4 protein chains.
Amino acid sequence: MAQEHTNVETLFANNMKTTSLSTKQQSVLQASLTLFAQKGYENTSTADIAKLAHVSEGTVFKHFKTKDGLLQAILQPFIQDIFPKVAGEFLVSLTNNTFDDFSSFLRFVVHDRMTYAMDNRQEMKIFITEMVKNPTILKNLTSELGALLQNGVDSLFDVYKQRGQLVDWDAMRIIRIVSGVIVGYLIPNIIMSDKPLDVDQTTTEVCEFLLEGLQPR
Amino acid sequence: MAQEHTNVETLFANNMKTTSLSTKQQSVLQASLTLFAQKGYENTSTADIAKLAHVSEGTVFKHFKTKDGLLQAILQPFIQDIFPKVAGEFLVSLTNNTFDDFSSFLRFVVHDRMTYAMDNRQEMKIFITEMVKNPTILKNLTSELGALLQNGVDSLFDVYKQRGQLVDWDAMRIIRIVSGVIVGYLIPNIIMSDKPLDVDQTTTEVCEFLLEGLQPR
Amino acid sequence: MAQEHTNVETLFANNMKTTSLSTKQQSVLQASLTLFAQKGYENTSTADIAKLAHVSEGTVFKHFKTKDGLLQAILQPFIQDIFPKVAGEFLVSLTNNTFDDFSSFLRFVVHDRMTYAMDNRQEMKIFITEMVKNPTILKNLTSELGALLQNGVDSLFDVYKQRGQLVDWDAMRIIRIVSGVIVGYLIPNIIMSDKPLDVDQTTTEVCEFLLEGLQPR
Amino acid sequence: MAQEHTNVETLFANNMKTTSLSTKQQSVLQASLTLFAQKGYENTSTADIAKLAHVSEGTVFKHFKTKDGLLQAILQPFIQDIFPKVAGEFLVSLTNNTFDDFSSFLRFVVHDRMTYAMDNRQEMKIFITEMVKNPTILKNLTSELGALLQNGVDSLFDVYKQRGQLVDWDAMRIIRIVSGVIVGYLIPNIIMSDKPLDVDQTTTEVCEFLLEGLQPR
DNA sequence: TATGAATGAGCTTTCATTCAT
DNA sequence: CATGAATGAAAGCTCATTCAT
């Protein structure tokens, strides 16, 4: 089962071409991404960004207007475009691929999301930090993502529920548990970004446990 | 089964008396706690703290020397005293109370830790934010807490394993799963601190799932 | 005997052009020079400098980074460039001009150095103050200047010693005495900068005495 | 010829007893003396003084009112009491001791003043620094000391002038030259206070030169 | 008399942002 | 479009001085 996970960086590149960002502006965005992830938003000065992007201080503001505009330029595609798009893509690939049983389905889901998170560590770190600081983002995301998932996932789950491979719980409760366990495993790894994490092994470990709890007796 | 959970605020108050902090200094600490949790460390100015504490700017620095000193004064007892102490206390109360079965044991653990976290939301929020910014804290804490737990918990788990109520996995794996699920449930609640969370109901929900996965068939 | 003494202010101007300091930055430097000389380094605030230079507070730090950087920008050319350059120039003009006798030679030396000092009072005053505060400067300068002079002066003195116009003492001893007397005359005048000092008359007075002590009987 | 030079520290102690300074206040004064000499007046905080004196911050101000009061308490006896007193004492000891010739007289003077300066390095260093910063002190001192010396010294010099051992110059000119040479030798040693200076040898060296210039041919 | 917590004005420095070139 | 000098508000911090105990 070939799985083409979506890298945010690639989508970024596309986005940049779409909005026709000049080379300099692209390097400004890239520098911001690096520094925000490394030192945090508040501890990064626009002068730092200019230096790393090999660009004048004025150029930093030419396109993105303010420092916050720069942050939004990084976060917004995450929230408005990429996240839902990825989620949609994900759902599509989910519905297209017919899994033999819930076990295969779960393995795919866990492995895919973990790979996605590990591939976009930098952005994720900024995202998490900003979420902690500004919970509104989380709220919006939760509701937006929730609505998107609820519609698509319900029917997906029903298949396995009918086959007796999945416990008959509310779809959101199942999602919360699965994502909770995944998040519990991932967060330390995203934050302490030196450690690499073996996605395959972790997937096996996580699934073994989840299956126990999610399969009806 | 009476359960006296430990509130960090209470320990703070004791700490303050021990180090004999003046009334004004206590209100400085309290103001810092509030503002750091509300707006984050970097977005809180020492002038803000002084104003909220009804104190002059100089007073903020008289005792705590630097703004970072203020942060440390909030975090350090968390890391060096309270966390291990709480963990120790927790283990003692665990060994003293004899639980009828693993189910009761798990309910107690989950309920107790959730209550603790919800009672100390403010400090927790600051703690989480700083952990994201400075992962070294997380590393230290993980190893320190890990060592502490490994010693005491192994024997505790053995009882239930022998009775056939607990799956025969590595103790650390069990802990990681349990805390992972708890964290997964809690973090959104701590961050979006307006929402209250029904500890009793959440405990039931979490335990129901965990027991499925952790009890051998 | 034409004597072209070197004015530090002129060299400053050249330096400024070399490092292409903007007009505003030049006035910052000029204001610092004036105020440091007038009120001393510690008693001059960067706000004072900004006000006198008709410049914003930020501009003071844009180029010179710190207040100490400003001091160094004033002192460094003195130590690293101008002093040795002047000393070198001085030696060259000394060897080029053939003096009829030791008396003429001494008159030239005393007059030239006194004029130089009086022309650069402001810088000298800052220099002296900083030297008192930080003796390391003096040590470095002494050794650096000492090495420079020893080499060149020995041969110059030999001429007059052979003619029987100069006492056969160690060159450094002679220099220490001559400069000691000059310094003894000058320091009060540099410090109390309102008093003008008649260089010609003082030269006569100083030389009359020095000649008595330095000519063999 | 026994020579009892006057140590400022001794006079300080007497002064303290006279004005009945408490033990704590004495240590405050001593700490100020040490720190002002070491780091300069502006770079010494009253908290530093309190710490070194093992005294509370309030105590520093109890007697001396302001930080400047502390400086004056150190400098004033130098200017108003000790300097003139020492000068007077010096003149008395000069008139009491009958010297065989001008050479002996000069040796005594040079040796005595050099010893005095070296024995009171700390106070001298503060004195010099403050003089550079605030030239008024120098002006006052010069005139005060000038008047004092002129009266007493004229007659002293006359003796040697009549004997043909001293050139017939204005007394002030002779004093300026002698003190100029002494100062030229001493200042580097006072500022770079680690170097000890051999008073005896320096006296010989200085006198040898001065005698050449000051004895009539 | 001695203490030391409290004060608040003032200091140096940073930084997002603007604008003439 | 890009530049970088200039800006000025605001930050963290220091320190001489006061005053209730």
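Note on naming: letters A, B, ... go to the chains in the order of the sequence lines (proteins, then strands), and numbering restarts at 1 for each one. Since the model is a prediction, treat every value here as computed from it, not as a measurement.
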Peer 1: Keeping C:Tyr41 on the side-chain end and C:Asp68 on the backbone end, is there a donor-acceptor pair under 3.5 Å?
Peer 2: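 Yes.
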Peer 1: Taking 4.0 Å as the cut-off, does a side-chain nitrogen or oxygen of C:Gln25 come that near to OP1 or OP2 on F:dA6?
Peer 2: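 So the side chain of C:Gln25 is within the cut-off, an N or O lying under 4.0 Å from OP1 or OP2 of F:dA6.
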Peer 1: Figure out the CD/P separation between A:Gln26 and F:dC1, and round it to whole Å.
Peer 2: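 Taking atom P of F:dC1 as the reference, CD of A:Gln26 is at 12 Å.
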Peer 1: So does A:Lys67 pair up with A:Glu57, basic N to acidic O under 4.0 Å?
Peer 2: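 No, no charged N to carboxylate O under 4.0 Å.
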Peer 1: Can you check the A:Leu71 CG to E:dA16 P distance for me, whole Å?
Peer 2: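 After rounding, the reported distance stands at 13 Å.
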Peer 1: Let me know, please, whether B:Thr23 or C:Asp48 comes out on the 5' side of the other along DNA chain E by nearest nucleotide.
Peer 2: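 Between the two, 5'-proximity favours B:Thr23.
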Peer 1: Among E:dA2, F:dA2, F:dT3, find the nucleotide with the atom closest to the side chain of A:Ser22.
Peer 2: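 Side chain of A:Ser22 sits closest to F:dA2.
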Peer 1: When you measure from the side chain of D:Asn43 to the backbone N and O of D:Gly40, does any donor-acceptor pair fall under 3.5 Å?
Peer 2: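 A pair under 3.5 Å: no.
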Peer 1: Could you give the NE2-to-P distance, from D:His63 to E:dT1, as a whole number of Å?
Peer 2: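 After rounding, the reported distance stands at 10 Å.
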Peer 1: Just to be sure I understand: a Watson-Crick pair is purine N1 to pyrimidine N3 plus N6-O4 or O6-N4, both under 3.5 Å. Using that and G-U wobbles, which stems of three or more pairs involve DNA chain F?
Peer 2: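 Stem segments, range with range: E:2-21 with F:2-21.
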Peer 1: One character per nucleotide, please: for nucleotides 12-21 of chain F, 5' to 3', B when the base has a protein heavy atom closer than 4.0 Å, S when only the sugar-phosphate does, - otherwise.
Peer 2: BBB-BBB---
Peer 1: Quick one: does any side-chain atom of D:Thr59 pair with a main-chain N or O of D:Val55 as donor and acceptor, under 3.5 Å?
Peer 2: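 Answer holds: no.
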Peer 1: Determine the contact category for B:Val55: base if any of its heavy atoms lies under 4.0 Å from a base atom, sugar-phosphate if only primed atoms, P, OP1 or OP2 are that close, otherwise nothing.
Peer 2: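 Touches sugar-phosphate only.
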Peer 1: Excluding sequence neighbours, so at least two apart, what forms side chain to side chain donor-acceptor pair (under 3.5 Å) with A:Thr44?
Peer 2: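 Side chain to side chain donor-acceptor pair (under 3.5 Å) list for A:Thr44, sorted by chain: empty.
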Peer 1: Is there side-chain contact between C:Glu130 and C:Ile126, with at least one heavy-atom pair below 4.5 Å?
Peer 2: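 Yes, side chains in contact.
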Peer 1: Taking atom NZ of D:Lys39 as the centre, report whether more than 12 heavy atoms of other residues, nucleotides or ligands fall under 6.0 Å from it.
Peer 2: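 Buried by this count: over 12 neighbours within 6.0 Å.
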Peer 1: Taking the side chain as every heavy atom from C-beta outward, state whether B:Phe64 and B:Gln25 have any pair of such atoms under 4.5 Å apart.
Peer 2: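 Yes. Closest side-chain heavy atoms under 4.5 Å.
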Peer 1: With distance as the sole test, does B:Gln26 use its side chain to make a donor-acceptor pair with the main-chain N or O of B:Leu21 at under 3.5 Å?
Peer 2: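 A pair under 3.5 Å: yes.
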Peer 1: How many Å lie between NZ on C:Lys51 and C1' on F:dT7, as a whole number?
Peer 2: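 One finds 17 Å between C1' of F:dT7 and NZ of C:Lys51, rounded.
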Peer 1: Grab the NE2-P distance between B:His54 and E:dT7 for me, whole Å please.
Peer 2: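 Going from B:His54 (NE2) to E:dT7 (P), I get 12 Å.
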